[in-house]
Amino acid sequence: MDIDIRNLSKSYYLHGKEIPVLRNLSLYIAKNELISLTGPSGVGKSTFLHVLGTLDTPSSGTITYDDCQVHALNDAKIAAFRNKHIGYVFQFHHLLSELSALENVMMPLLMRRQSRNLAQDKAKEMLAFVGLSHRVLHKPGELSGGEQQRVALARALAHGPTVLLADEPTGNLDEKTGQEIVDLIFSYNESFGTTVVLVTHNQRISNSFKKRLTLTKD
């Protein structure tokens, strides 16, 4: 799925004062591309991902996925588009502590009204992909930080998203463990053609991407 971003701007308002975050950003992302996004803190990297992934709305400009201008849709259709096409991984894994790794990965599939058997099979498949077949019944508190992030990645990929958006997914991990997460993302992209946009402060990780973008405050 190609993504065409035209003159994208996003502002917030505080006490009646406009605070611009993104200004007239234009970018074309081809299907299957791997893109890293870097830039100083506060420049709008996370805001960009949120708008790109339809978690937030732009102040102006357009985002077109293939022939679908997504923010022109109504809320229900935007939510349906997001649930079908977008996967998210964040710096903090946001796993449900009372659920096992398997149940955490199953949860979004069950919310998409897949049968329990199909959701379980897919969750096991994705946990195997991230190297956690032996940890499926463990709860987040029984897993290392890297294992927790692997579960979060499996959960983001379980529904087969067209686009994976990753916001500092290695930010709380050591170099070796962080690179393992990135390698899994690369492997998934190679196998399934999922487009990836990954925000990172880690220059070494950024340099491992074929396409590298930088947001600036100017």
Side-chain angles (χ1 to χ4, degrees), residues 1-3 27 29-39 41 45-46 48-50 52-53 85-96 100-109 121-215:
M1 182 176 284
D2 297 337
I3 309 171
L27 172 65
I29 301 173
K31 180 181 179 181
N32 303 347
E33 267 196 310
L34 286 161
I35 296 176
S36 70
L37 181 63
T38 59
S41 297
K45 301 184 297 298
S46 294
F48 173 68
L49 280 197
H50 290 165
L52 181 63
H85 291 290
I86 310 296
Y88 296 93
V89 185
F90 300 100
Q91 181 173 353
F92 301 101
H93 52 74
H94 300 300
L95 300 177
L96 298 175
S100 67
L102 180 65
E103 291 167 331
N104 267 284
V105 179
M106 287 175 62
M107 184 60 66
L109 299 175
D121 288 346
K122 189 62 180 180
K124 286 181 178 178
E125 178 187 336
M126 294 314 304
L127 286 167
F129 170 75
V130 300
L132 290 180
S133 292
H134 61 302
R135 305 287 266 169
V136 295
L137 299 181
H138 289 73
K139 293 182 178 180
E142 301 168 320
L143 302 173
S144 69
E147 289 172 333
Q148 291 172 3
Q149 197 64 310
R150 284 172 183 257
V151 175
L153 178 60
R155 179 183 59 187
L157 297 175
H159 69 289
T162 308
V163 178
L164 177 67
L165 304 178
D167 193 358
E168 290 283 1
T170 67
N172 288 328
L173 306 176
D174 60 66
E175 286 281 344
K176 179 177 180 294
T177 306
Q179 188 60 55
E180 289 171 352
I181 295 294
V182 173
D183 289 344
L184 284 169
I185 292 173
F186 285 177
S187 177
Y188 193 86
N189 164 267
E190 183 176 355
S191 297
F192 299 100
T194 298
T195 304
V196 176
V197 181
L198 182 144
V199 167
T200 182
H201 280 104
N202 187 312
Q203 197 60 52
R204 186 178 61 81
I205 286 175
S206 176
N207 289 341
S208 67
F209 282 70
K210 292 182 180 178
K211 188 170 182 177
R212 300 178 294 276
L213 303 175
T214 303
L215 279 182

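Position 1 is the first residue of the sequence, and the numbers go up from there.
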(request) Using the ring pair (Phe, Tyr, Trp, His ring centres under 6.0 Å) rule, collect all pairs that involve residues 156-186, keeping only residues at least two apart or in two chains. (result) Phe186-Phe209

(request) Of all the heavy-atom pairs spanning Leu49 and Leu165, show the shortest one and how long it is. (result) O-CD1, 3.6 Å

(message) Nearest 0.5 Å, please: how far is OG in Ser208 from CG in Leu34?
(response) 9.0 Å

(request) Run the numbers on Leu164 and Phe192 for side-chain contact (heavy atoms from CB on, under 4.5 Å), then give the verdict. (result) CA-CA 11 Å; Leu164 177 67; Phe192 299 100; over 6 Å; no

(message) Does any part of the side chain of Leu37, heavy atoms only, come nearer than 4.5 Å to the side chain of Leu215, both counted from C-beta?
(response) yes

(message) Donor-acceptor pair, distance only, cut-off 3.5 Å: does the side chain of Gln179 make one with the backbone of Lys176?
(response) no

(message) I need the Ile29 CD1 to Ile35 CD1 distance, nearest 0.5 Å.
(response) 4.0 Å

(request) Check the pair Glu147, Leu132 against side-chain contact (heavy atoms from CB on, under 4.5 Å), reporting the backbone distance first and the verdict last. (result) CA-CA 8 Å; Glu147 289 172 333; Leu132 290 180; 3.9 Å; yes

Distance-only donor-acceptor pairs under 3.5 Å for side chains of residues 121-129, two or more places apart:
from	atom 1	to	atom 2	distance (Å)
Lys122	NZ	Glu125	OE2	3.4

(message) Show every salt bridge (Lys or Arg N to Asp or Glu O under 4.0 Å) that has at least one partner inside residues 148-171, sequence neighbours left out.
(response) Arg150-Glu180

(message) Quick one: does any side-chain atom of Asn207 pair with a main-chain N or O of Gln203 as donor and acceptor, under 3.5 Å?
(response) yes

(request) Identify the heavy atoms of Ala101 and Leu143 that sit nearest to each other, and give their distance. (result) CB-CD1, 4.5 Å

(request) Scan for salt bridge (Lys or Arg N to Asp or Glu O under 4.0 Å) pairs involving residues 184-212, sequence neighbours excluded, and state none if there are none. (result) Glu33-Lys211, Glu175-Arg204

(request) Could you tell me the separation between the CD1 atom of Ile205 and the OG1 atom of Thr170, rounded to the nearest 0.5 Å? (result) 3.5 Å

(request) State which residues pass ring-ring contact (aromatic ring centres under 6.0 Å, His included) with His94; sequence neighbours excluded, sorted by chain then number. (result) Phe90

(message) Please find the pair of heavy atoms, one from Pro161 and one from Leu157, that lie closest to each other, and give the distance.
(response) CD-O, 3.6 Å

(request) Give a yes or no on whether the backbone of Gly39 and the side-chain of Lys45 come within a donor-acceptor separation of less than 3.5 Å. (result) yes

(message) As an exercise, state the distance from CD of Gln148 to NE2 of His138, rounded to the nearest 0.5 Å.
(response) 12.5 Å

(request) To the nearest 0.5 Å, tell me how far Leu213 CG sits from Ser206 OG. (result) 8.5 Å

(request) Calculate, to the nearest 0.5 Å, the distance between atoms CG and CE belonging to Leu102 and Met107 respectively. (result) 10.5 Å

(message) Test of understanding: with side-chain contact (heavy atoms from CB on, under 4.5 Å), list the residues that count as partners of Glu103, not counting sequence neighbours.
(response) Leu99, Ser100

(request) Check whether any side-chain heavy atom of Pro169 sits under 4.5 Å from a side-chain heavy atom of Leu198, and report yes or no. (result) yes

(message) Looking at Asn32 and Asn189, would you say the former's side chain and the latter's main chain have a donor-acceptor pair under 3.5 Å?
(response) no

